[in-house]
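To start, the structure under review is shown below, and the notes come after it.
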Amino acid sequence: MIHFEDVSVTYEGAAAPSLAHADFALPEGELTLLVGPSGVGKSTLLGAVSGLVPHFTGGTLKGRVTVAGRDTRTHKPRELADVVGTVGQDPLAHFVTDVVEDELAYGMESLGLAPSVMRRRVEETLDLLGLNDLRDRPIATLSGGQQQRVAIGSVLTPHPKVLVLDEPTSALDPAAAEEVLAVLQRLVHDLGTTVLMAEHRLERVVQYADRVLLLPSPGAPAVLGTPSDIMAVSPVHPPVVALGRLANWSPLPLSIRDARRRTAPLLTRLTQAGSGAEPPAGSGAEPPAGPGAEPPAGSGAQPQTGPGAQPPAGSGAEPREGSGAEPRGTGEGWVGDGRPQGPRTGPGPTHRPGLLARLRRRGRPTSQPTQPTRAIGEAPATVKVPATVKAVSLRRGRAEVLRDINLSVAQGETIALMGRNGAGKSTLLATLIGTLEPTTGQVTVSGRTPHRTPPAEMVTRVGLVPQEPRDLLYADTVAAECTAADHDAGQAPGTCRALVAALLPDVPDDTHPRDLSEGQRLALALALVLTGRPALLLLDEPTRGLDYAAKARLVEILRGLAADGHAIVLATHDVELAAELAHRVVILAGGEIVADGPTAEVVVSSPAFAPQVAKILAPGHWLTVSQVEAALSARGAS
Ligand SMILES: Nc1ncnc2c1ncn2[C@@H]1O[C@H](COP(=O)(O)OP(=O)(O)OP(=O)(O)O)[C@@H](O)[C@H]1O
Ligand SMILES: Nc1ncnc2c1ncn2[C@@H]1O[C@H](COP(=O)(O)OP(=O)(O)OP(=O)(O)O)[C@@H](O)[C@H]1O
């Protein structure tokens with residue numbers, strides 16, 4: 001169904017091809033998972049299937065790509081729209097209409113389908129993706145995950161023969177991700193649809209794949225094989241595979257079920273290591289450390305203080321191979337059915353205007369620095385409880401999206417805010433940064449009420465890296481962003497650039513932020529926010545688009561900040577990230593806190609939020625491969 005014959009793609013001005021000598025055939029009616037480190041050419045390969053590469057991205061495509069017999073070089077994306085449906089990394093760039101129902105019908109309308117067919121498919125798709133309650137909603141008022149579901153639904157309704165999906169589950173909660181994957185699998189099995197999907201969170205998808213297509217490193221040819229053969233050699237792999245490799249299981253398990261059948265000998269070794277069913281030292285179950293750290297008031301679980309309380313030990317469990325993502329060109333538009341295509345337009349918010357930009361950019365400090373300039377690693381801010389939320393409720397439109405929230409965040413503490421799409425996570429972060437005002441109740445951040453405090457005074461108190469890092473970026477170059485950030489935060493010139501250099505070693509000053517890969521943009525946004533050294537750091541879905549190596553780097557940075565006394569709250573669907581990083585997990589449902597406690601206690605008992613290692617080794621309390629590795633080596637040493 002999809003044929004690549006010695007395909008190489010070189011973007012304009014690039015020294016080397018972004019995709020080299022790809023040569024493979026994907027049969028009809030199979031789900032192929034495309035994997036590889038960041039910047040290795042996955043989106044380029046997907047673009048060559050939908051025709052966006054090179055029609056909208058520019059550059060040269062050598063060789064031949066055919067989809068259902070049509071050559072994508074001689075057929076424009078629009079002429080492929082009846083066979084190929086595409087969802088890009090950024091659902092927002094893809095929407096054409098304003099309302100959910102209209103968006104689901106749009107692709108079918110463009111293809112001229114009969115109204116009765118359209119009606120039926122819209123209803124089916126609303127049900128399949130759990131969108132029925134949102135059918136009349138303006139898309140701009142949906143949460144990130146709700147928008148991603150609409151984007152997926154809108155390409156399903158025309159029933160294309162081929163579906164091309166770039167990280168389709170990145171904004172979805174774990175249950176929604178499973179549902180979407182089950183829907184895709186049903187299309188493959190029942191309708192013979194051919195699915196090609198790139199995804200970084202392999203723990204979510206690998207068990208659904210018929211085949212895996214691996215791009216191992218930039219310039220290396222693509223390798224196609226069975227999931228277990230490819231996972232045995234792949235530089236990117238999920239925790240279940242990392243555990244299998246650690247324990248020398250052969251064949252490698254890809255699912256929790258397969259792995260659980262093999263755990264007995266490993267559990268014996270671990271129990272002999274003396275850490276049996278006890279929570280391992282340094283697991284997420286441990287409270288944050290810190291002399292002077294005070295237990296937060298008013299929250300459910302009260303982290304204790306005391307010696308030995310450390311963030312999880314060890315670096316990320318995942319390998320660090322793979323290049324950092326390289327600068328990216330434009331051409332992020334998607335879908336050949338008349339949806340927006342071509343270069344991303346300028347920076348700045350489109351659907352969520354001014355989230356943090358309003359706070360950080362419009363309110364430039366008029367006075368001198370509010371804090372003396374400090375270098376990384378110096379003593380942290382002295383606030384002991386950077387934030388408290390008391391009895392907060394908040395209405396948006398007709399709905400009450402937060403209800404009676406009580407939460408405190410202690411210095412040095414990392415909290416993962418989890419819960420279904422639309423549960424209210426981003427809204428809670430918005431009250432902490434001050435872009436939304438609670439309808440009732442009180443939010444206090446470093447002694448101030450965020451929405452009533454001038455932004456310039458908040459910069460050193462709280463910073464948010466939003467779900468779309470692009471919302472923070474408005475200058476034309478990395479250097480200009482940094483200059484503005486230093487100025488905004490009242491820091492010495494060069495402060496931000498030093499942070500960028502630490503996070504993004506290879507990015508030249510004159511790079512346009514638009515040309516950065518997802519992961520690079522996130523790192524830049526993080527550097528801009530960290531320039532103010534906010535006592536409270538908020539991150540909304542920080543691992544979208546990151547490969548395992550980049551995620552491990554992020555984990556290291558955030559651990560360093562927590563150890564330095566910063567309080568961190570991250571809204572995330574990434575259960576593996578929460579297991580690695582969070583001292584405490586707070587779960588929201590329908591705008592209310594339904595669980596709040598030490599990570600291991602909250603996630604281990606939850607089928608939705610438990611990380612893979614916890615599921616495999618239950619009832620033990622190991623959460624990550626690095627904890628298992630540490631326990632085994634402790635045994636070896638004793
Ligand atoms: N339109 C473009 N113009 C110039 N260079 C580009 C363009 N698109 C991608 N690139 C470059 O081509 C290489 C491959 O990028 P691509 O987006 O295909 O990687 P990827 O594997 O999808 O990465 P990620 O996992 O971060 O999405 C990168 O070095 C990127 O900077
Ligand atoms: N402007 C608005 N008008 C009406 N409802 C809104 C508006 N903005 C958000 N909502 C609703 O508020 C609820 C909470 O949204 P929020 O973005 O906080 O969810 P979330 O937990 O961050 O979700 P996700 O995991 O999908 O990012 C959602 O049901 C969303 O549809």
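Quick caveat: nothing in here was measured; it's all calculated off a predicted structure. Along the sequence shown, the residues carry numbers beginning at 1. Whatever order the structure lists ligands and atoms in, that order sets their numbers, starting from 1.
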Original post:
Do ligand 1 and T57 have nitrogen or oxygen atoms that lie under 3.5 Å from each other?
Top reply: no
Original post:
Does any N or O atom in E167 lie less than 3.5 angstrom from one in ligand 1, N or O only?
Top reply: no
Original post:
What are the atoms of ligand 2, with element, lying closer than 4.0 Å to any heavy atom of R420?
Top reply: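 Close to R420: 21 (O).
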Original post:
Counting only heavy atoms, which portion of H200 has something under 4.0 Å from ligand 1: side chain, backbone, both, or neither?
Top reply: side chain
Original post:
Does the side chain of L524 come within less than 4.5 Å of P469's, by heavy atoms?
Top reply: no
Original post:
Touching ligand 2 at all, Q148? Heavy atoms, strictly under 4.0 Å?
Top reply: no
**OP:** Please verify whether a non-hydrogen atom of G424 lies at under 4.0 Å from ligand 2.
**Re:**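 Under 4.0 Å: yes for G424.
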Subject >> Contacting atoms of ligand 1, where contact means under 4.0 angstrom from a heavy atom of S43 >> reply: 17 (O), 18 (O), 20 (P), 22 (O), 27 (O)
Original post:
Taking only heavy atoms of T44, which atoms of ligand 1 are found under 4.0 Å from at least one of them?
Top reply: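 Within the 4.0 Å cut-off of T44, ligand 1 contributes 14 (C), 15 (O), 16 (P), 18 (O).
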**OP:** Would you mind finding which of R395, Q147, R137, R396 brings a heavy atom closest to atom 8 (N) of ligand 2?
**Re:** R396
Original post:
Of the listed options (R149, K425, R398, Q146), which comes nearest to atom 21 (O) of ligand 2 when hydrogens are ignored and any heavy atom counts?
Top reply: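 It is K425 that holds the nearest heavy atom.
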**OP:** Check step by step if side chain to side chain donor-acceptor pair (under 3.5 Å) holds for T169 and R201.
**Re:** CA-CA 8 Å; T169 75; R201 283 186 210 170; 5.9 Å; no
